[in-house]
Amino acid sequence: MALTKVYDAATVFKHLNGIINVYKPAGMKVKHVRNAILGNICKGLNEMELREPRKLASDRPLLGTGTAADSVLHNIASNTDLSDHILAAGPRYMPGDIRCATVAALGDHTSGVLLFGINKGLKQSSRIQRNRPVRVYHVTACMGTATEDHLPDSRITVRSNHRHVSADRISGLAASMQASHQRKMYELCGVDLQTQAAYELACKGLIRPADNTQPVIYGIKLIHFERPHFTLELHAINESEQYIAALVHDMALELRTVAHCSQVRCVRHAHFDVTGSLLRHGWHLPGIIKNLRQQREILEAHPQLLEQERVELHAAAS
């Protein structure tokens, strides 16, 4: 279908609905990303063709003020409702006119894929959040130093030798941790991993937590090693920046050293990946409209993102 260039702000605002995929820079809060996007949308809309001010029911002449403002007033039609004029009412579109919410937030130090629901897209964003799809991270750790909160901008608390740590040892520990987490999922469901029931449960799909408070790791592997740094690929649900940083710290202790997260990057959220993310220089109205259309195509190609059967992981009985 051929695209038509639209100059009318009201028409653009009417179609400003759906999911957008933006690339969040590290060190920037989610609320600042949201404010920047809404501000740029409003700026773009206000630069387009806007509706004319309302007309008065009766033709009442304007009274002069005896000041320099008279020349401005006389340039306005006498039957114009001045209270609705842009010079009095302000910009037609304000950030408060646009509804916007994140599907799942990222930490301040985390960069990568960040999904927002815009206007009618809030319903889609809540459905995606309720289905709890897997997010994929590339986590870079720096061995030899431990910080107070396991993140790079915190105070260094411990230093340790890391010459004995090799890529094979990290890979073996990652595989062991992945198997341990998978075993724990079935145990919380009350199913023995070596039984037919466990096989039937696995055939139904990923086992998801019953709420948003229980982190679950589905995969963890080493993808890069260059001393003193190593990078892990992490597949998880309900994770947080603090949880990932603590996980790296615990892995380092198992390797008889210390480490902290130097970089956390979300590269995929369900079928929304980093290659389709809107970079910061593209956070303007034309770029956002184009991104809305691209994410709509992803949702149409993968309807299970909005509606799917879930195998829920219930907390162990106390």
Side-chain angles (χ1 to χ4, degrees), residues 21-28 30 104-115 133-184 206 215-280:
N21 176 4
V22 301
Y23 188 93
K24 174 191 170 299
M28 190 173 185
V30 172
L106 296 177
D108 295 349
H109 298 88
T110 304
S111 62
V113 176
L114 180 61
L115 303 181
V134 175
R135 287 201 285 187
V136 181
Y137 292 86
H138 285 175
V139 183
T140 301
C142 179
M143 296 183 294
T145 56
T147 60
E148 204 166 30
D149 60 359
H150 318 312
L151 292 169
D153 63 344
S154 183
R155 182 174 62 90
I156 295 176
T157 57
V158 180
R159 297 184 187 273
S160 176
N161 181 32
H162 55 83
R163 293 294 175 184
H164 60 282
V165 180
S166 64
D168 291 339
R169 290 191 63 182
I170 298 175
S171 296
L173 178 60
S176 176
M177 293 181 69
Q178 176 177 326
S180 177
H181 278 85
Q182 291 177 350
R183 190 182 309 110
K184 187 66 176 178
L206 289 177
V216 177
I217 294 178
Y218 294 97
I220 177 171
K221 66 178 180 179
L222 180 70
I223 59 174
H224 181 71
F225 180 80
E226 185 176 352
R227 196 183 309 276
H229 298 92
F230 65 89
T231 303
L232 300 170
E233 184 174 282
L234 189 70
H235 299 245
I237 288 178
N238 290 344
E239 75 297 329
S240 64
E241 184 178 80
Q242 293 75 19
Y243 179 81
I244 293 174
L247 181 70
V248 168
H249 175 73
D250 293 341
M251 286 186 66
L253 293 180
E254 290 289 334
L255 295 169
R256 300 184 183 278
T257 185
V258 293
H260 68 273
C261 280
S262 59
Q263 184 183 46
V264 183
R265 183 167 175 255
C266 180
V267 297
R268 191 169 75 247
H269 189 160
H271 293 279
F272 305 96
D273 60 22
V274 72
T275 58
S277 292
L278 198 60
L279 299 178
R280 192 169 184 176

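Model, not experiment: these values are computed from the prediction.
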Within a strict 4.5 Å, meaning less than it, do heavy atoms of the [X] and [Y] side chains meet?
X	Y	answer
V165	M143	yes
V274	R265	yes
D149	Q242	no
S262	H229	yes
L247	I220	yes
M28	R280	yes
K24	S111	no

Notebook entry, point to check: Okay, side chain of N21, backbone of V113: is any donor-acceptor separation there less than 3.5 Å?
Noted result: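 The answer is no, because no donor-acceptor pair under 3.5 Å joins these two groups.
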Item checked: Flag, side chain of S171 to backbone of L222, donor-acceptor distance under 3.5 Å -> no
Notebook entry, point to check: Counting heavy atoms not belonging to R169, are there more than 12 under 6.0 Å from its CZ?
Noted result: yes
Next item on the list: Please check if atom CZ in R227 has more than 12 non-hydrogen atoms from other residues, nucleotides or ligands closer than 6.0 Å.
Entry: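 Above 12, so yes.
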Could you state the interatomic distance from [atom1] ([X]) to [atom2] ([Y]), rounded to the nearest 0.5 Å?
X	Y	atom1	atom2	result
I244	L151	CD1	CG	10.0 Å
L115	F272	CG	CZ	5.5 Å
I156	E148	CD1	CD	11.5 Å
L232	K221	CG	NZ	11.0 Å
Y218	Q182	OH	CD	10.0 Å
T257	M251	OG1	CE	12.0 Å

Checklist line | Identified side-chain contact (heavy atoms from CB on, under 4.5 Å) partner of T140 from the options V248, V264, T231 | finding: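 It is T231; the other options fail the test.
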Next item on the list: Search all heavy atoms of L106 against all heavy atoms of C266 and return the closest pair with its distance.
Entry: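 Between these two residues, the closest heavy atoms are CD2-CB, 4.3 Å.
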Checklist line | Under 3.5 Å side-chain donor-acceptor pair for D168 and S166 | finding: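 S166 and D168 do not have a side-chain donor-acceptor pair below 3.5 Å.
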Note to self: Among Q263, R268, E233, E239, which residue satisfies the side chain to side chain donor-acceptor pair (under 3.5 Å) criterion with Y137?
What the structure shows: E239
